Protein chains: 2
Amino acid sequence: MGTTEEKIRWGVEQRLEYIEFRLFWDGELKRGDITSRFGVSTPQASGDLATYRDRAPGNIDYDGSRKRFVATPRFKPRFIKPNADRYLAQLEAIADRVIGVDETWIGAAPAAEAMPIPRRKVDPAILKGLLAAIRAHRSIEVEHRSMNPQREETMWRRITPHAFGHDGLRWHVRAFCHIDKIFKDFVLSRCLAVGELHEPGAEPAQDDLWFSFLDVVLEPNPALNERDRRTIAHEYGMPDGRVTVPVRRALLYYFNKRLRLEAAKTIDDPTLAPLAVVNQDEFLSAIPATKSHRDLLM
Amino acid sequence: MGTTEEKIRWGVEQRLEYIEFRLFWDGELKRGDITSRFGVSTPQASGDLATYRDRAPGNIDYDGSRKRFVATPRFKPRFIKPNADRYLAQLEAIADRVIGVDETWIGAAPAAEAMPIPRRKVDPAILKGLLAAIRAHRSIEVEHRSMNPQREETMWRRITPHAFGHDGLRWHVRAFCHIDKIFKDFVLSRCLAVGELHEPGAEPAQDDLWFSFLDVVLEPNPALNERDRRTIAHEYGMPDGRVTVPVRRALLYYFNKRLRLEAAKTIDDPTLAPLAVVNQDEFLSAIPATKSHRDLLM
DNA sequence: TTGACAGGTTAAGTTACTTGATCCATAAGG
DNA sequence: CCTTATGGATCAAGTAACTTAACCTGTCAA
């Protein structure tokens with residue numbers, strides 16, 4: 001009883017979820033957290049807390065001496081399903097200064113530090129232009145710094161983009177290059193400006209390397225001892241000692257570099273490459289196809 | 001005139017920001033986008049669009065033939081400041097399946113793919129326990145898979161955590177280990193369970209490696225040709241050909257590995273390591289201090 | 001013991017909503 | 001050509017969800 005379940009407005013639901021999020025991760029919150037984050041009055045925040053108590057009975061208590069609302073020991077989430085990876089993704093964004101703590105629901109962010117890589121910011125206008133070209137299935141002119149020594153240092157080229165790819169360190173746009181007549185990756189932070197939209201140069205479907213996948217079978221590096229292999233198998237979720245990862249062929253090069261797979265079995269210190277590829281012949285022979293365009297590499 | 005600027009409720013402001021976000025990035029939206037995302041009625045969504053038109057005159061138009069609201073050519077954001085890195089961070093979270101498209105404001109997400117690394121999910125209960133210990137300045141028992149061959153394969157150890165660190169591939173918790181009496185990193189996905197809180201074993205301030213920084217001076221790899229060096233300098237924001245990055249000594253080991261700095265100048269193919277360290281003596285001699293605990297490496 | 005802080009409550013009034021109806025414009029299909 | 005589907009605008013009546021203003025309670029620290 002008490003749990004009257006009428007329809008509930010979006011704003012109220014957000015605040016109930018916020019209350020529960022804070023109770024789960026921080027274990028506590030105060031009324032002022034609600035009033036300041038959502039700009040509501042104190043009676044409203046009190047009302048929300050009462051509503052929460054009503055709908056999730058036994059989850060919340062008021063600790064008079066600490067002057068905080070606290071989660072009870074038998075707290076059981078009812079409005080959100082807690083997700084550690086989501087929490088950590090937010091923490092990373094905060095550490096990278098991509099968002100502010102006050103834009104998340106994290107109340108007291110723990111001290112956290114991510115790799116401080118001093119990458120140039122991407123110009124919103126450029127990203128916006130590429131998005132527009134992708135949506136409209138058209139080509140766009142891009143001023144791009146090329147690593148190809150045959151080319152001008154920076155040049156305008158027309159490309160027909162269709163997707164974005166992230167190699168773990170930076171974003172590329174996958175596009176048909178009207179000069180070279182092939183599909184390539186263009187690093188976003190090397191795009192200096194964008195121009196007009198025009199007729200497309202190719203259909204996205206023609207980008208075979210993008211649309212075909214290789215099933216990479218990974219195992220703990222056999223150069224490791226039995227025990228370390230078990231640890232790696234556990235960490236990467238390999239119940240039977242292996243895991244199959246479908247990887248776009250266009251991304252195989254980065255996948256290889258990122259996990260140091262190529263040299264895994266020959267490297268002197270196997271702890272540098274915890275994973276190795278089972279279907280290595282297939283894997284290695286699939287890589288060069290993406291490696292032929294020097295622009296991709298660096 | 002027209003722009004009456006009374007106080008505005010949180011829910012309304014969210015919708016106005018949503019409208020502008022969509023206009024900027026997607027260039028268009030329809031009334032139904034608002035009703036479905038925020039659960040409001042059609043008259044309300046119409047009202048919001050009218051309010052937006054009122055407050056940001058000249059930004060929005062209705063294209064009757066496409067049956068969409070579209071951004072005008074002279075669109076100028078008034079409620080949000082567009083941030084490409086933030087957009088891309090969301091895109092990455094979507095590609096990694098950490099959040100759903102419907103949880104972001106991105107209307108039509110472009111095709112995007114991030115590195116598919118099959119990492120085990122972190123148990124929310126474990127992260128929550130560590131957060132609680134950090135907040136309370138107490139120690140916590142953790143069942144952890146050790147890579148140290150002297151130790152049991154999995155063992156309970158008491159640690160006093162104080163921060164989180166991300167090496168680009170995974171999260172660690174930085175903590176004082178009550179067994180080894182030193183501060184170490186513990187990979188989150190190797191923590192299997194957490195236990196009770198107790199007295200702390202050390203003050204966070206005693207973690208010298210965490211709280212002291214080394215100024216790493218980076219330059220484009222000198223093994224590259226002049227022109228490629230210029231490109232790298234541009235991409236990493238080095239107006240005078242160098243950039244100084246303060247890095248926590250506790251993270252130097254990962255920083256080195258991630259950017260392949262150690263071997264940068266000697267590696268056969270310099271395109272694999274676009275960056276090199278200027279103050280290399282200082283840098284290399286600072287690394288081993290963090291490298292002494294094998295647990296960190298793999 | 002006083003004040004500052006955190007929270008709760010009640011009453012009266014306002015704003016932001018909903019439902020349900022009716023109407024308009026455009027595009028696509030027969 | 002007419003029909004239907006889609007997407008939008010608007011009005012009227014009613015209702016949640018708010019606000020402001022005032023006043024009350026418990027706990028802690030000076």
Side-chain angles (χ1 to χ4, degrees), chain A residues 2-20 22-23 26-57 59-72 79 107-108, chain B residues 2-20 22-23 26-57 59-72 79 107-108:
Chain A
T3 50
T4 42
E5 299 284 344
E6 307 110 41
K7 208 189 309 173
I8 180 182
R9 302 253 252 262
W10 183 79
V12 184
E13 185 166 40
Q14 292 291 305
R15 296 198 300 273
L16 293 179
E17 288 182 14
Y18 173 74
I19 290 167
E20 189 159 82
R22 288 292 307 274
L23 286 178
D26 287 358
E28 61 171 52
L29 84 163
K30 53 182 186 177
R31 192 176 57 174
D33 293 333
I34 301 173
T35 60
S36 62
R37 175 165 306 273
F38 295 97
V40 295
S41 60
T42 50
Q44 186 57 39
S46 285
D48 290 335
L49 287 158
T51 306
Y52 183 80
R53 194 188 289 112
D54 211 48
R55 301 214 171 201
N59 269 6
I60 191 170
D61 266 340
Y62 182 63
D63 178 341
S65 100
R66 301 196 45 245
K67 292 181 174 177
R68 295 285 134 101
F69 291 88
V70 294
T72 63
F79 292 93
Chain B
T3 50
T4 42
E5 298 286 343
E6 309 110 39
K7 207 189 309 172
I8 180 182
R9 302 252 256 258
W10 183 79
V12 183
E13 184 166 40
Q14 292 292 303
R15 296 197 301 271
L16 292 179
E17 287 181 14
Y18 172 76
I19 290 167
E20 189 158 82
R22 289 292 306 275
L23 286 179
D26 286 358
E28 62 171 53
L29 84 164
K30 52 181 187 178
R31 194 176 56 174
D33 293 333
I34 301 173
T35 60
S36 63
R37 174 165 308 273
F38 296 97
V40 295
S41 60
T42 50
Q44 185 58 36
S46 284
D48 291 335
L49 287 159
T51 306
Y52 183 80
R53 195 189 287 112
D54 211 49
R55 301 212 171 203
N59 269 7
I60 191 170
D61 267 340
Y62 182 62
D63 178 341
S65 101
R66 305 197 43 244
K67 294 181 173 174
R68 294 286 132 99
F69 292 88
V70 295
T72 64
F79 292 93

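Everything numeric here is computed off the predicted structure, so don't read it as measured data. Here is the naming used below: chain letters follow the sequence lines, and residue numbers restart at 1 for every chain.
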Worksheet entry | End-to-end axis angle, where each axis spans five pairs of the helix from C/dT1-D/dA30 to C/dG30-D/dC1, to 10° | 30°
Worksheet item: Over how many whole Å does the gap from A/Arg53 atom CZ to C/dG7 atom C1' extend?
Response: 10 Å
Worksheet item: For B/Asp63 and D/dT6, what is the distance between atoms CG and C1' respectively, to the nearest whole Å?
Response: 14 Å
Discussion item. Counting only side-chain heavy atoms from C-beta out, which of D/dG8, C/dG7, D/dA16 sits nearest to A/Lys30?
Written reply: C/dG7
Worksheet item: B/Ile8 CD1 to D/dA17 P: how many Å, rounded?
Response: 20 Å
Worksheet item: Does any residue of residues 44-52 of chain B have a heavy atom under 4.0 Å from DNA chain C, and if so, which ones, in number order?
Response: B/Gln44
Worksheet, complete the sentence: The complete set of salt bridge (charged side-chain N to carboxylate O under 4.0 Å, His left out) pairs with one or both residues in residues 37-50 of chain A, sequence neighbours excluded, reads A/Arg15-A/Asp48
Item to complete: Check the angle between the aromatic planes of A/Phe38 and B/Trp10 and answer parallel, tilted or perpendicular using the 30° and 60° thresholds.
Response: perpendicular
Worksheet item: Who passes side chain to side chain donor-acceptor pair (under 3.5 Å) against B/Arg9, sequence neighbours left out?
Response: none
Discussion item. Checking contacts here: which listed nucleotide (D/dG7, D/dT20, C/dT19) is nearest the side-chain heavy atoms of A/Ser41?
Written reply: D/dT20
Worksheet item: Does anything in residues 10-20 of chain A reach DNA chain C, meaning a heavy atom under 4.0 Å, and if so which residues?
Response: none
Worksheet item: What string of B, S and - do you get for nucleotides 20-29 of chain C, 5' to 3', when a contact is any protein heavy atom under 4.0 Å?
Response: B-----BS--
